[in-house]
Amino acid sequence: MTERYNAREAEPRWRDAWNKHDIFRTDNADPRPKYYVLEMFPYPSGRIHMGHVRNYAMGDVVARYKRAKGFNVLHPMGWDAFGLPAENAAMANKVHPKGWTYENIATMRGQLKSMGLSIDWSREIATCDPSYYRHQQKLFLDFLKAGLVYRKKSKVNWDPVDQTVLANEQVIDGRGWRSGAEVELRELTQWFFKITDFADELIDALDGLDRWPEKVRTMQRNWIGRSEGMLVRFALESKAAAPEFSEIEVYTTRPDTLFGASFIGIAPDHPLALEAARRDPALAAFAEECRKTGTSVAAIETAEKQGYDTGVTVRHPLDPSRTLPVYVANFILMDYGTGAIFGCPAHDQRDLDFARKYDLPVTPVVLPTGLDVATFVIGDTAYDGDGTLVHSDVLDGLAVPEAKEAVSGRLESQKLGDRPQGKRKVNVRLRDWGISRQRYWGCPIPIIHCASCGPVPVPDDQLPVQLPEDVTFDRPGNPLEHHPSWKNVACPSCGAPARRETDTMDTFVDSSWYFARFTAPDCAQPTDRSAVDSWLPVDQYIGGIEHAVLHLLYSRFFTRAMKATGHAGMSEPFAGLFTQGMVVHETYKTPDGQWISPAEIVVTENDGRRQAVHATSGEPIVIGSIEKMSKSKKNTVDPTDIIETYGADTARWFMLSDSPPERDVIWTEAGVEGAGRFAQRLWRLVAELAERLPESSAERPTSFSPAALDIRRASHRSLAAVGESIEGLRFNVAVARIYELVNAISSASAQVRWPEIAVSDPSSAWAFREALEILVRITAPMMPHLAEACWDKLGHSSLVAEAAWPQAEADLLVADTITLPVQVNGKKRDELIIAADADAATIEAAALGLEGVARSIEGKPVRKVIIVPQRIINVVV
RNA sequence: GCCCCCUUGGCGAAAUUGGUAUACGCACGGCACUUAAAAUGCCGGGCCGCAAGGCGUGCCGGUUCAAGUCCGGCAGGGGGCACCA
């Protein structure tokens, strides 16, 4: 009787064996082809959660598989260690952010190690370490030199809870991405990265990222928001209200509808509006009112279109006999286009709403195909579809694209003053990335502000600008502002007393290049060009979808900026991206509505009805919906508890089984237990057969018995299928194929008379051993510790983690006789067992001779027989 | 409002990309082993029907010798963007 596999005792031993031989250390000089697999590094919040287990289990399968396939694999780990939670902890618990962070790192590193990940820990980095962020400061300064960083005063998103500025990407539905607080607009001077310089490239290169999910590419495309249109200048006609202006420039994507224009709309902050407001107190009051309207979703949806007639009029560029009034309107954004539009009410809903309110003309100029000009009228809904131009002078009869072209051409050749009146222009929605954060626990921006020299870069030899450790968190705001001495320094340029920049960088900067730093983590420069150029792009990046337009867009920008400043040679950081699903769990509530943890309750099932009670008090518990694991809903399961109870392999196996990796996986007790049972079953199968099999020294037989061939076909098919599944990141399918192989070996073994088989059919014995070796080898990426124990049991003195992936033998992947389903008129009626290489005529004759086929043909003439080789036969009558 | 994705047994899902629908697992039922339990092993199962057979991948229609897979429409669920001119 084989003893149960004791994961708790065995797993640490195998990890020691890996460590002793240092087998996961990666050498940059290794000549084998490279493979860089990376999972998004964790924020050191305290303890790892199941989402981490899933993420890192997937990455580890790929890393171990690629290693077995002969690649030089880079699989590093680090810590996204700056950020607000450390400061919040400092305030709440009177600890220092640094101490808090490093303690968390120590805990989480231990937890990750207990998972048995094949990580090169010698490359570990923490972004809060000066040895990392000094290079980030260097990059910042090089970007500044290259014109990719600038400083400007602008309206920014202010998070009143976190007391800091947020980038546009970090505002979700008008609320801070972390705090959930409604964001306010404030005017501040901020540092910006010129991500818009790369807007075209960032959008165009998405087409080449064919190993990224289409969904993420679409999201980035929409976020960058490119639109092709034109700038059109309108000459002022009646300009008493704004005498300093002679024209207004608008942006439009519909130059074709220019004849339908009935007003000009400008933003309340448009220079012309500001000028007019100086002369008109009522307009000033109106503009002020517009600014007060919130930017939240609710505010925007309920806000009515409002305008104020400035009294200014402009001349229509294509019809000099017409003038248009200029309105200040609350729905025009100053920071998109030129902050001015021409309103064409018939073909834009917003303009229509506005025109109806202020009684402006509504002239349809695009007629939907099939309708009559005489009867086509616009009611409450603008028409924004295609059609034929009407009421448009020379454009009449043209289709929309032709009309666009005609107007563009004409306005480009028509002069207003000495310049063309119109200009084609591609606009993007993307804004530059504001990175200044008014927080302590982040990378200091290496700038010194001097009264006479302005902002001066910190000289290279003074880097890093280190965070002072003696800071206090007893009042709100940025501790760096309150520090008694840190910010007072001499100007590096003139030596006069000056002041350090006290803002720190957005923590998304830290994660925008860590993947490059991993390639040479000890380099004295930010990157080692030969290392970064040979390792990047990351071959397979794995992480959550929540970073689709945050981290993943910033990193694409950063890589380009690094290329522009000579720190890297490529544009794209991640060649392959995989976004995994979440780990979700049932929620539970006490009768008085309090969330309660699954650890505190017992769930029973009777006749399909599940009931929950409190584990100690026995009071009934309400079973709620299935939600993402979160502390607030208390539906978390601690990975360490699971690893201690079942072992890391079982936790990993369960995370990889059943659910496709891109979908959410439901964590259930029953599921883990099932995974644990499989681990025991695999161990038992290998251990028992290993004892029955003769010594492994036997030579490969020159011929195989039919029984041996059956076993070999099963194992080689599984070998091929598991390899393909892992390559396609279809871990659930790989798991299913392994189950099949275990089932096949078990049932084959049950039909064998042990130990006579070794003598009566040595080729079968050999095939059994081969099958076990394949089984253990293909299971090793998922359950690495157990696989080592099995490998050992099979008599190996080496580690399976270092064993090569076997090559599946092609002739074992095809059978010599096959079973073909035979359909009559598309319905399956019989099966034909026939030689795999039989020719079509033989197959047809044999199929028509089948009893089930003859019965359903009922003597009717056969019209056609379709034979799909190796697949199916369809008889048409 | 615009864009995208998903829908297959009691449940998680698979289906060589147009070729035997439901592999594999979970849960369930039966049996064996056991004093008993646990553990383990074996057997079972889409639905209707005694059977022959019929019907079955959210719903309606189409293309095809053949549709879970392709096309058109609809419903339900999820996600992204959103006063972006």
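So you know, we letter chains A, B, ... as the sequences are listed, proteins then strands, and number each from 1.
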Short N-O contact, E214(A) and R221(A), less than 4.0 angstrom: yes
Need one value for D351(A): base, sugar-phosphate or nothing, where a base atom within 4.0 Å counts as base even if backbone is also close, heavy atoms only. nothing
Specify the separation, in whole Å, of atom CZ of F678(A) and atom P of rA39(B). 18 Å
Tell me if a side-chain donor or acceptor on H585(A) pairs with a main-chain N or O of I666(A) at a distance below 3.5 Å. no
I want to verify a distance call: between rG19(B), rG79(B), rC24(B), whose nearest atom is closest to the R871(A) side chain? rG19(B)
Please determine if a side-chain N or O atom of R684(A) lies less than 4.0 Å away from the OP1 or OP2 oxygen of rG41(B). yes
NZ or CZ of K305(A) within 45° of F354(A) ring axis and under 6.0 Å: no
Return no unless some side-chain N or O of Y336(A) is found under 4.0 Å from OP1 or OP2 of rA85(B). yes
Length of the line joining E727(A):CD and rU16(B):P, which is rounded to integer Å: 18 Å
Look at all strands and tell whether N874(A) reaches a base, only sugar-phosphate, or nothing, counting heavy atoms closer than 4.0 Å. base
Closest-nucleotide 5' rank along RNA chain B - winner of V868(A) and L333(A): V868(A)
Sugar-phosphate, base or nothing in reach of Y739(A), heavy atoms under 4.0 Å: sugar-phosphate
Under a 3.5 Å cutoff, is there a donor and acceptor pairing between the side chains of S227(A) and Y251(A)? yes
Ignoring hydrogens and angles, tell me if any N or O in the side chain of Y336(A) forms a donor-acceptor pair with the backbone of R429(A) under 3.5 Å. no
So what does I332(A) touch, heavy atoms closer than 4.0 Å: a base, only the sugar-phosphate, or nothing? base
Do R350(A) and D353(A) meet the salt-bridge criterion of a basic N to acidic O distance under 4.0 Å? no
Between rG45(B) and rA23(B) - P atom distance, rounded Å: 10 Å
If we take the P atom in both rC47(B) and rA32(B), what is their distance in whole Å? 26 Å
To the side chain of A670(A), which of rG25(B), rC26(B), rA14(B) is closest? rC26(B)
Measuring only the C1' atom in each nucleotide, how far is rC50(B) from rU35(B)? A whole number of Å is fine. 43 Å
Sugar-phosphate, base or nothing in reach of S657(A), heavy atoms under 4.0 Å: nothing
Can you identify which nucleotide, out of rC24(B), rC81(B), rA13(B), has its nearest atom closest to the P660(A) side chain? rA13(B)
Would you mind telling me which of rU16(B), rA14(B), rG25(B) lies closest to the side-chain atoms of N743(A)? rG25(B)
Please work out if R717(A) contacts a base, only the sugar-phosphate, or nothing of the nucleic acid, heavy-atom cut-off 4.0 Å. nothing
Given the P atoms of rC74(B) and rC24(B), what is the spacing between them in whole Å? 39 Å
Which way is the base of rG10(B) turned, syn or anti, if we draw the line at 90° from 0? anti
Return the pairing partner of rG1(B) with a 3.5 Å limit on both distances, Watson-Crick or G-U wobble; otherwise return none. rC81(B)
Minimum side-chain heavy-atom gap P345(A)-F263(A) below 4.5 Å: yes
Specify the separation, in whole Å, of atom CD of E688(A) and atom C1' of rA39(B). 13 Å
Considering only rC65(B), rA14(B), rC84(B), which nucleotide approaches the side chain of R737(A) most closely? rA14(B)
What nucleic acid atoms does E831(A) come within less than 4.0 Å of, heavy atoms only: base, sugar-phosphate, or nothing? base
Using a heavy-atom cut-off of under 4.0 Å over every strand shown, decide if K828(A) touches base, sugar-phosphate, or nothing. base
D658(A) has a side chain; which of rG12(B), rA14(B), rG19(B) sits nearest to it? rG12(B)
Of W223(A) and I341(A), the one whose closest nucleotide on RNA chain B sits nearer the 5' end is W223(A)
Nearest listed nucleotide, side chain of N732(A), among rA13(B), rA85(B), rA23(B): rA13(B)
Just call it for R681(A): base, sugar-phosphate, or nothing, with non-hydrogen atoms closer than 4.0 Å on any strand. sugar-phosphate
Is there a side-chain contact between N222(A) and the phosphate of rC2(B), meaning an N or O under 4.0 Å from OP1 or OP2? no
Of the nucleotides rA13(B), rA21(B), rG41(B), which has the atom closest to the R663(A) side chain? rA13(B)
Using atom P in both nucleotides, what's the gap between rU22(B) and rG10(B) to the nearest angstrom? 16 Å
In whole Å, what separates the P atom of rU57(B) from that of rC11(B)? 16 Å
In whole angstrom, what separates R221(A)'s CZ from rA82(B)'s P? 17 Å
Is a side-chain donor or acceptor of D348(A) paired with a backbone partner of D351(A) at a separation under 3.5 angstrom? yes
Closest listed nucleotide, where the reference is the side chain of P821(A) and the choices are rU20(B), rA23(B), rC65(B): rU20(B)
chi for rU17(B) classified (syn = within 90 degrees of 0, anti otherwise) as syn
Of the listed nucleotides rC55(B), rA82(B), rA14(B), the one nearest the side chain of R429(A): rA82(B)
Interatomic distance at P, rC84(B) relative to rG1(B), whole Å: 15 Å
Under 3.5 Å donor-acceptor pair, R677(A) side-chain atoms to rU40(B) base atoms: no
Between rU69(B) and rG19(B), how many Å separate the two C1' atoms, rounded to a whole number? 11 Å
